[in-house]
Number of protein chains: 2
Amino acid sequence: MKYSNATNYALHTMVYLTTQQREKLVGVQELADMQRLSPTYLSKILTKLAKAGLIESTPGAKGGYKISRTKQDISFLDVIHAIEGETSLFDCTIHHEGCLIENVMREAEENMKSELQSKLLVDIAKEAEMNQKS
Amino acid sequence: MKYSNATNYALHTMVYLTTQQREKLVGVQELADMQRLSPTYLSKILTKLAKAGLIESTPGAKGGYKISRTKQDISFLDVIHAIEGETSLFDCTIHHEGCLIENVMREAEENMKSELQSKLLVDIAKEAEMNQKS
DNA sequence: TTAATTAGAGACATCAAGAGTCTTTAATAT
DNA sequence: ATATTAAAGACTCTTGATGTCTCTAATTAA
Ligand code: SF4
Ligand code: SF4
């Protein structure tokens with residue numbers, strides 16, 4: 001069990017977009033170069049992020065992507081959910097009622113999620129900029 | 001990303017073994033019947049658990065498996081590690097130093113792990129017995 | 001209006017891991 | 001000896017991740 005590479009790419013992309021100045025459009029080519037990825041592959045990931053409402057895309061020449069205006073305070077969890085989906089890590093198909101095992105697993109997963117929810121992209125972006133300046 | 005079915009089987013098996021009386025050997029056939037699984041497949045899982053030192057096996061007629069004597073207080077995390085391995089959920093191959101993304105992911109994962117570490121099989125087994133009696 | 005640029009959709013190929021079966025071997029009890 | 005049981009390994013099958021390629025649609029710039 002491991003997070004997919006796509007999630008990694010998505011996180012890098014989102015952090016990068018967050019460091020850009022507001023309303024500036026960044027093309028998939030630049031984003032792909034930054035991560036040494038094929039643009040077409042990254043394009044799929046970006047489409048997922050767009051459909052999740054985390055970024056906005058404008059087609060055509062001089063088009064590209066930017067962080068969503070409406071959706072502020074994007075968390076790590078938001079990005080992960082956009083790529084990995086929202087299904088539970090421990091997904092027993094049977095679902096006996098009052099299952100003790102499932103309870104434990106769900107609770108543990110919630111602990112991870114709440115941490116990922118509390119971590120916002122803007123915070124990381126700020127930290128990254130601080131590090132660069134120093 | 002999802003926990004494997006094997007982990008689910010392993011957890012059920014371990015809880016079941018924990019409810020058995022000490023030193024009693026349970027064969028793979030019984031364990032497989034309980035979960036409606038093929039014995040040969042479950043056998044592989046049991047071997048992993050044995051290699052991790054969580055259970056002990058005795059071959060031959062009247063043989064079978066039982067919870068390890070030396071290793072008490074087995075946690076959910078122990079079982080999961082035995083099956084899934086101990087690699088990190090977020091495993092970036094590059095490892096830039098002072099990576100902020102990795103930090104967040106690792107910390108979140110630790111939150112989940114610490115919860116899974118604190119949950120012991122014996123506690124769940126006790127609860128399960130209580131439920132049955134009531 | 002035309003050409004260049006860019007996102008999006010979808011078919012397709014490839015690969016790795018999970019899930020499970022089958023067979024053979026080794027150890028133990030009766 | 002024979003039956004029983006765990007262990008090991010080869011093997012198949014399926015699924016999902018990881019990409020690539022191509023075509024379409026929208027937008028800008030000339
Ligand atoms: S006991 Fe819980 S985990 Fe086990 S089969 Fe029932 S619902 Fe699933
Ligand atoms: S910044 Fe962190 S997650 Fe990204 S490539 Fe570097 S080490 Fe990996």
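Hydrogens, waters and symmetry mates are skipped; everything else that's a heavy atom, side chains included, is used. Keep in mind that this is a model prediction, so the values were computed, not measured. Below, chain A is the first sequence line, B the second, and so on; all start at residue 1.
When each of C:dA19, C:dA7, D:dA8 is scored by its nearest atom to the side-chain atoms of A:Ser57, the top-ranked nucleotide is C:dA7. Among the nucleotides C:dA29, C:dA4, D:dA26, the one closest to any side-chain atom of A:Ala61 is C:dA4. Residue B:Tyr9 places its side chain closer to C:dG20 than to any other of C:dG20, C:dA7, D:dT18. Closest approach to the A:Asn5 side chain among D:dG19, D:dA29, D:dT27 is made by D:dG19 (side chain taken as heavy atoms from C-beta onward). In the set D:dA6, C:dG8, C:dA29, D:dA6 carries the atom at the smallest distance from any side-chain atom of B:Val28. Comparing atom distances between the B:Ser38 side chain and each of C:dT21, C:dA7, D:dT27 picks out C:dT21 as nearest. Listed nucleotides C:dA9, D:dA29, C:dA19 differ in distance to A:Lys51; the shortest reach to its side chain belongs to C:dA9.
Between atom OH of residue B:Tyr9 and atom CG of residue B:Leu31 there is a gap of 14.0 Å, rounded to the nearest 0.5 Å. Summarising the geometry, atom CD belonging to B:Gln35 is positioned 7.5 Å from atom CG belonging to B:Asn8; distances are rounded to the nearest 0.5 Å. To the nearest 0.5 Å, the span separating OG1 on A:Thr7 from NE2 on A:His81 amounts to 10.5 Å.
Between B:Lys66 and D:dA6, a side-chain N or O to OP1/OP2 separation shorter than 4.0 Å is absent. Under 4.0 angstrom from either OP1 or OP2 of D:dC13 there lies no side-chain N or O belonging to B:Tyr41. Side-chain N/O atoms of B:Thr47 include one lying less than 4.0 angstrom from OP1 or OP2 on D:dA7. Side-chain nitrogen and oxygen atoms of B:Thr40 include none within less than 4.0 Å of the OP1 or OP2 phosphate oxygen of C:dC22.
One cannot find a donor-acceptor pair under 3.5 Å joining the base of C:dG8 and the side-chain atoms of A:Lys44.
If you run salt bridge (charged side-chain N to carboxylate O under 4.0 Å, His left out) between A:Glu56 and each of A:Lys24, A:Arg69, A:Lys51, only A:Arg69 comes through.
Between the side chains of A:Asp33 and A:Gln29, at least one donor N or O sits under 3.5 Å from an acceptor N or O.
The residue among A:Lys62 and A:Tyr3 whose nearest nucleotide of DNA chain D is located toward the 5' end is A:Tyr3. Annotation: of the two residues near DNA chain C, A:Gly27 and A:Met1, the 5′-most nearest-nucleotide partner is A:Gly27.
Taking atom CG of residue A:Leu46 and atom P of nucleotide C:dT6, one finds them 14 Å apart after rounding to whole Å. One atom, NZ of B:Lys2, and another, P of D:dA17, lie 12 Å apart when rounded to the nearest Å. Rounded to a whole Å, the NZ atom of A:Lys48 is 12 Å from the P atom of D:dG16. Rounded to a whole Å, the CG atom of B:Leu89 is 16 Å from the C1' atom of D:dA17. Taking atom CG on A:Leu37 and atom P on D:dA17, their separation rounds to 17 Å, with Å as the unit. In this structure, CG of A:Leu31 is placed 12 Å from P of C:dT6, rounded to the nearest angstrom. As rounded to whole Å, 15 Å separates atom P of C:dT6 from atom CG of A:Leu42. Between A:Gln29 atom CD and C:dA7 atom P the separation is 9 Å, expressed in whole Å.
Within 4.0 Å (heavy atoms only), A:Ala6 reaches sugar-phosphate atoms of the nucleic acid but no base atom.
In terms of heavy-atom proximity, B:Glu102 sits nearest to B:Cys92 at OE2-CB, 3.6 Å.
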